[in-house]
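Here's the structure, in structure tokens; my notes come after.
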Amino acid sequence: MNQITLTRPDDWHIHLRDGPYLKQTVADASRVFGRVLAMPNLDPPVINSLIAGQYRDKIMPFARTQFYPLFALYLTEKTTPQDIERTKIDSDFIPAYKLYPAGATTNSKFGVNSIEKMYPIFESMEANDLVLCVHGEVTDSDIDVFDREKYFIDGVLSRIIEEFPGLRIVLEHITTEDAVNFVKSTSRNVAATITAHHLLYNRNALLEGGLNPLYFCLPVLKRDIHQRALIDAATSGDPKFFLGTDSAPHPRHEKEKICGCAAGCYTAHAAIELYAEVFDKFEAITMLEGFASHFGADFYRFPRNKDTITLEKINWEVQKEIKFGNDQLVPIKAGETLNWRIKSKQ
């Protein structure tokens with residue numbers, strides 16, 4: 001197959017950042033996606049509908065027409081059940097809240113230290129039918145970094161699901177076979193997003209031949225058996241798994257720090273093309289539409305997009321650097337050849 005037409009896809013987990021970076025991130029995201037779920041871990045974070053609305057106003061001048069940014073608000077230990085109720089009433093572009101364990105990833109210092117203290121919030125979210133998006137890692141320093149997702153699932157997430165069976169939950173950017181199996185075993189209220197970079201790479205890309213910061217992300221890349229489990233899940237047609245790029249832009253000088261390099265991979269420049277590479281490689285290109293265009297919208301209870309995009313199988317070279325505000329950004333697959341691209345409309 002050398003061409004495929006898809007219902008326009010959505011990205012259910014993306015970082016657009018703010019300020020001078022928005023021009024590039026929004027242009028890249030809106031090129032392909034009908035909707036994106038923008039993450040709230042700015043500094044200061046997006047904690048209520050007023051701030052989200054202001055953020056939306058900054059985004060829209062850089063977007064194509066018929067692009068609809070949605071927002072997950074940042075859960076903090078100061079969030080109240082009344083905040084949840086007001087969000088449900090006040091806004092139709094905030095379908096979710098995001099749970100960051102404090103210290104787990106970029107700008108997570110505002111996050112949650114005690115999950116149990118959040119139980120009244122989860123109860124209100126369940127009652128108001130808002131989705132809980134979860135960065136699923138523990139942050140205990142004595143837990144191996146490669147095991148932190150499993151420990152979170154076993155010790156934290158499983159208890160939340162047991163206490164709040166009606167709460168819709170998305171385990172974000174899953175990285176392990178353990179996460180795949182767990183999501184499969186739960187009710188239809190639990191789903192997961194999978195990134196392009198976790199499908200494309202395993203920890204060899206990060207560590208083999210010397211540390212390559214381009215591939216440093218959180219949760220960190222895992223070994224090949226976990227990568228294969230993610231590929232199997234994404235290409236399976238199981239509606240519990242859908243597209244969330246976790247595209248996270250950082251300027252080159254932050255990614256290449258000797259110590260404390262920024263965590264995140266930028267994939268928005270070629271997101272659907274990168275997914276197509278994987279699906280085609282594993283002879284599952286016909287399964288891409290469900291994963292990219294249908295299952296996420298269905299889970300979040302939005303209508304599927306009505307327009308389409310067409311991908312064609314033709315070689316093209318990814319730019320080596322992207323202008324990123326006043327800085328430069330190195331994207332995933334920089335300088336390499338991809339085999340799929342969006343077909344230009346004539």
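All values below were derived from every heavy atom in this structure, side-chain atoms included, with hydrogens, water molecules and symmetry-related copies excluded.
- The minimum heavy-atom distance between L311 and A276, with the atom names listed, is CD1-CB, 4.1 Å.
- A centroid separation of less than 6.0 Å is found between the aromatic rings of F279 and F291.
- The environment of E283 atom CD is sparse: at most 12 non-hydrogen atoms of other residues, nucleotides or ligands sit within 6.0 angstrom.
- To the nearest 0.5 Å, atoms CZ (F67) and CZ (R31) are separated by 12.0 Å.
- Atom CD1 of I258 is surrounded by 12 or fewer heavy atoms from other residues, nucleotides or ligands within 6.0 Å.
- Listed by chain and number, the residues in a salt bridge (Lys or Arg N to Asp or Glu O under 4.0 Å) with D43 are K109 (sequence neighbours excluded).
- Taking the charged nitrogens against the carboxylate oxygens, D232 and R228 do have a contact shorter than 4.0 Å, which makes a salt bridge.
- Although no hydrogens or angles enter the test, the distance criterion places no donor-acceptor pair under 3.5 Å between the side chain of N41 and the main chain of Y74.
- Looking at K255, its side chain does come within 3.5 Å of a backbone N or O of G264 through a donor-acceptor pair.
- Classification of the W12-F242 ring pair by plane angle, with boundaries at 30° and 60°, yields perpendicular.
- Here the CD atom belonging to E137 is positioned 10.5 Å from the CG atom belonging to D147, to the nearest 0.5 angstrom.
- With salt bridges taken as basic N to acidic carboxylate O contacts below 4.0 Å, one links K313 and D280.
- Within the 3.5 Å criterion, the main-chain N or O of T175 finds a donor-acceptor partner in the side chain of E149.
- Among H198, H15, H197, H13, the one residue that satisfies the ring pair (Phe, Tyr, Trp, His ring centres under 6.0 Å) test with H173 is H13.
- Checked against the 6.0 Å centroid criterion, the rings of Y100 and F110 do not qualify as a close aromatic pair.
- Looking at K240, its side chain does come within 3.5 Å of a backbone N or O of V183 through a donor-acceptor pair.
- Using a distance-only test at 3.5 Å, with no hydrogens or angles considered, no donor-acceptor pair links the side chain of K88 to the main chain of A127.
- With contacts defined as side-chain heavy-atom distances shorter than 4.5 Å, the pair V170/Y300 qualifies.
- In this structure the side chain of N2 never reaches within 4.5 angstrom of the side chain of E312, judged on heavy atoms.
- Note that the CG atom of D246 and the OG1 atom of T267 stand 8.0 Å from one another [nearest 0.5 Å].
- Listed for the T79 side chain is a donor-acceptor partner under 3.5 Å among the backbone atoms of T76.
- Within a 6.0 Å sphere centred on CG of N326, other residues, nucleotides and ligands contribute 12 heavy atoms or fewer.
- The environment of CD in Q54 is crowded: more than 12 heavy-atom neighbours from other residues, nucleotides or ligands sit within 6.0 Å.
- Under the 3.5 Å distance criterion, with hydrogens and angles disregarded, a donor-acceptor pair is assigned to the side chains of D11 and T245.
- A side chain to side chain contact (heavy atoms under 4.5 Å, CB included) with N339 is found for exactly one of K281, E273, E277, namely E277.
- Atom CD1 of I272 sits about 10.5 Å away from atom CZ of R8, to the nearest 0.5 Å.
- Counting only distance, with no hydrogens or angles, the side chain of D83 and the backbone of T80 share a donor-acceptor pair below 3.5 Å.
- Around the CZ atom of F93, the shell of radius 6.0 Å holds more than 12 heavy atoms that belong to other residues, nucleotides or ligands.
- By the criterion of side-chain heavy atoms lying less than 4.5 angstrom apart, applied directly or through intervening Ile, Leu, Val, Met, Phe, Trp or Tyr residues, I314 is not grouped with V32; the two fall into different hydrophobic clusters.
- The CG atom of L130 lies 10.5 Å from the CD atom of E85; values are rounded to the nearest 0.5 Å.
- Counting all heavy atoms, side chain and backbone alike, D140 lies closest to R148 at O-NH2, 3.4 Å.
- Between D327 and R252 no salt bridge is recorded (no basic side-chain N to carboxylate O distance below 4.0 Å).
- Side-chain atoms of W316 do not come within 3.5 Å of backbone N or O of T337 as any donor-acceptor pair.
- Note: Y266 and F324 have tilted aromatic rings, judged against thresholds of 30 and 60 degrees for the angle between ring planes.
- Side-chain atoms of F164 and N189, non-hydrogen and from C-beta on, never get closer than 4.5 Å to each other.
- Using a 4.5 Å heavy-atom threshold, the side chains of H269 and L329 count as separate.
- Taking the side chain as every heavy atom from C-beta outward, R223 and R203 approach each other to under 4.5 Å.
- Atom CZ of F33 is separated from atom CG of N305 by 11.0 Å, given to the nearest 0.5 angstrom.
- Tested against S30, the residues Q66, M60, R64, R35 include a single side chain to side chain contact (heavy atoms under 4.5 Å, CB included) partner, R64.
- Contact of the L16 side chain with the Y21 side chain is not registered, since no non-hydrogen atoms from C-beta on lie closer than 4.5 Å.
- Distance alone, capped at 3.5 Å, places no donor-acceptor pair between the E77 side chain and the M118 backbone.
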_Assess the residue pair V131 and F299 against the criterion (side-chain contact (heavy atoms from CB on, under 4.5 Å)); give the C-alpha distance rounded to whole Å, side-chain angles, the decisive distance to 0.1 Å, and a yes or no._
CA-CA 9 Å; V131 175; F299 185 85; 4.2 Å; yes
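- Put simply, the side chain of S158 gets close to the backbone of I153: a donor and an acceptor are under 3.5 Å apart.
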